[in-house]
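Just below is one structure, and these are the notes that go with it.
So you know, we letter chains A, B, ... as the sequences are listed, proteins then strands, and number each from 1.
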Protein chains: 2
Amino acid sequence: MITLTEENYIKSIYHLGKQGVNNVSTNAIAKDIKTKASSVTDMVKKLSEKGYADYKKYQGATLTEKGKRVAVSIIRKHRLWEVFLVEKLNFSWDEIHEVAEQLEHIKSEKLIKQLDAFLEYPTHDPHGDPIPDETGKIKSIDKILLSQAQIGDACICVGVQDSSSEFLKYLDKNNIALGTELIVVHKEPFDNSVTILVSAKEFIISNMIANNLFVKVG
Amino acid sequence: MITLTEENYIKSIYHLGKQGVNNVSTNAIAKDIKTKASSVTDMVKKLSEKGYADYKKYQGATLTEKGKRVAVSIIRKHRLWEVFLVEKLNFSWDEIHEVAEQLEHIKSEKLIKQLDAFLEYPTHDPHGDPIPDETGKIKSIDKILLSQAQIGDACICVGVQDSSSEFLKYLDKNNIALGTELIVVHKEPFDNSVTILVSAKEFIISNMIANNLFVKVG
DNA sequence: AATAATTTTTAGATTTATCTAAAAATTATT
DNA sequence: AATAATTTTTAGATAAATCTAAAAATTATT
């Protein structure tokens, strides 16, 4: 049996691993899940013994195939529950993370299978992130950060990098949602801010915002 | 913060307390949650320190008002989730208990408020048990065990005492569901079996079954 | 390449919930 | 009422996950 704590470590290793580094350092995991490096060392040894991770002293950890399957399954559950919360229970996209963090650990194959059907097999969660299918396949669309778009590009918002409540509330306040169409009018070299045209109105967003909003060009 | 384990002990004390006894013995709790009496002693002390229960050595435990509020809130969550599983995810009534046991511990006021609304404020769960309202009020209907009904009584099935998968499957197999109408045709004094008339067909059920099926007479 | 700084691991302690086995208290039986 | 049987509690151990502080290894800097 896999414990809730083990699941959270596996999730962390998976997410940190996606961000480029293959061997995730104990310190990175510690920072991510707000614990001490010494605790991580212990847990990573245990995950290795149980076959979820590969780990050699001083060389960080990577997930095995078995570990990856667990991670993807948790992500699938998390994202399906997020869709449920928004579509069925009228949560806004900045309120769902905490609750989904709890729901993702519920153990029942049938529950997830039926939830998926009930939601009519959604492909993306409310933040634009892809939902892995039953076999663990993730189909990602070709999205770029708004900061990378060129002047003149017509874009559609398809996702967020940062899904913190503060950022999402900022987007809400400024009427930017998934599916919103925009055109890049100007990119200011001085501060890397981006001027965009949204519903016939010009609007300047900081580089920080542009760096956290995914768009599809064309 | 209340832990999952504490919640399960509180639930157990509540249920055992409902069954007549006011001061629930440590042994009874131990049997109910499949642990040892010595573990129960420890936990009951802790619940007492935290204000969820009253406990004096050798005299068993009772829930305080605070403890009862917790218990009722868990029961509310459990039963709402059961309705969700049956009504929305096509679970059958013998499959829902385990999953609801997990879901009942999810912490989010909004989640339950919205779930309740989404399900259109159900008053009873799929086993016929009443769902406490937001304030903790439980309105119970006047039901009796089928074994207590008199010959000639026209009854409607309104609930089950035992909600084990085996019993529920037996009912399914014999086309007895909540809402099913039946008439008591005969009560056999020898073995206390009951002959009932269901959809124009006579059917004999054992005393054990009659002792676990709640009906409303008239 | 030697030293300094940082990261990672080890060793030992702590907390929560559990257990076993023995002691104490309560309840039942003669 | 004394003894037997049962229940309940205590004492001490164990397992999981964490922590602090010190030691070891790695990486960076001069």
Side-chain angles (χ1 to χ4, degrees), chain A residues 1-14 16-17 19-63 67 70-71 74 101-102 104-105 107, chain B residues 1-14 16-17 19-63 67 70-71 74 101-102 104-105 107:
Chain A
M1 254 293 285
I2 190 164
T3 68
L4 187 142
T5 316
E6 286 165 358
E7 287 193 346
N8 283 331
Y9 274 90
I10 289 173
K11 228 179 33 160
S12 175
I13 298 171
Y14 184 86
L16 294 169
Q19 266 137 68
V21 205
N22 254 29
N23 278 47
V24 182
S25 77
T26 49
N27 246 8
I29 299 170
K31 190 174 287 180
D32 187 42
I33 61 180
K34 289 157 185 54
T35 186
K36 293 295 147 78
S38 55
S39 308
V40 176
T41 303
D42 286 346
M43 181 53 83
V44 142
K45 277 182 189 165
K46 196 177 154 199
L47 292 178
S48 169
E49 277 162 25
K50 286 194 168 189
Y52 295 113
D54 289 322
Y55 164 71
K56 280 199 208 80
K57 272 192 196 177
Y58 297 101
Q59 283 172 229
T62 21
L63 292 182
V70 171
I74 298 170
E101 290 264 295
Q102 296 179 63
E104 74 190 4
H105 299 291
K107 280 167 185 56
Chain B
M1 253 295 286
I2 191 163
T3 68
L4 189 141
T5 315
E6 287 165 357
E7 288 193 345
N8 283 332
Y9 274 90
I10 289 172
K11 228 178 33 162
S12 174
I13 298 171
Y14 184 86
L16 294 170
Q19 265 137 68
V21 205
N22 254 29
N23 278 46
V24 182
S25 77
T26 48
N27 245 8
I29 300 170
K31 191 174 284 181
D32 186 43
I33 61 180
K34 289 159 186 52
T35 186
K36 293 295 146 79
S38 54
S39 308
V40 177
T41 302
D42 285 347
M43 180 54 82
V44 143
K45 277 182 191 166
K46 196 176 155 200
L47 291 179
S48 170
E49 277 163 25
K50 287 194 169 190
Y52 295 113
D54 289 322
Y55 165 70
K56 282 201 207 76
K57 274 191 193 179
Y58 297 102
Q59 284 172 229
T62 22
L63 292 184
V70 171
I74 299 170
E101 290 263 296
Q102 297 178 64
E104 74 190 5
H105 299 290
K107 281 166 186 59

Round to the nearest Å and state the distance from B:Lys56 atom NZ to C:dA24 atom P. 23 Å

Using 4.0 Å as the upper bound for N to carboxylate O, is an ion pair formed by A:Glu6 and A:Lys11? no

To the nearest angstrom, the CG-P distance between B:Asp42 and D:dT10 comes to 9 Å

Protein-nucleotide distance (B:Ile2, atom CD1; C:dT16, atom P), rounded to Å: 14 Å

For D:dA16 and A:Thr3 - does any side-chain N or O of the residue sit under 4.0 Å from the phosphate oxygens OP1/OP2? no

Looking at B:Lys31, I'd like to know if its NZ atom is crowded, meaning that more than 12 non-hydrogen atoms belonging to other residues, nucleotides or ligands lie closer than 6.0 Å. no

Side chains of A:Asp32 and A:Ser12: is there a donor and an acceptor less than 3.5 Å apart? yes

Using a heavy-atom cut-off of under 4.0 Å over every strand shown, decide if B:Ser38 touches base, sugar-phosphate, or nothing. base

With DNA chain D as reference, determine whether A:Leu4 or A:Lys57 sits nearer its 5' end, using the nearest nucleotide of each. A:Leu4

Please determine, for D:dT7, whether a Watson-Crick or G-U wobble partner exists with both distances under 3.5 Å, and give it or none. C:dA24

Contacts of B:Met43 and B:Lys36 projected onto DNA chain C by closest heavy atom; the upstream (5') one is B:Met43

Selection: residues 5-13 of chain A, any non-hydrogen atom under 4.0 Å of DNA chain D: A:Thr5, A:Tyr9

Which nucleotide wins on minimum distance to the side chain of B:Ser39, given the candidates C:dT18, C:dT20, D:dT8? C:dT18

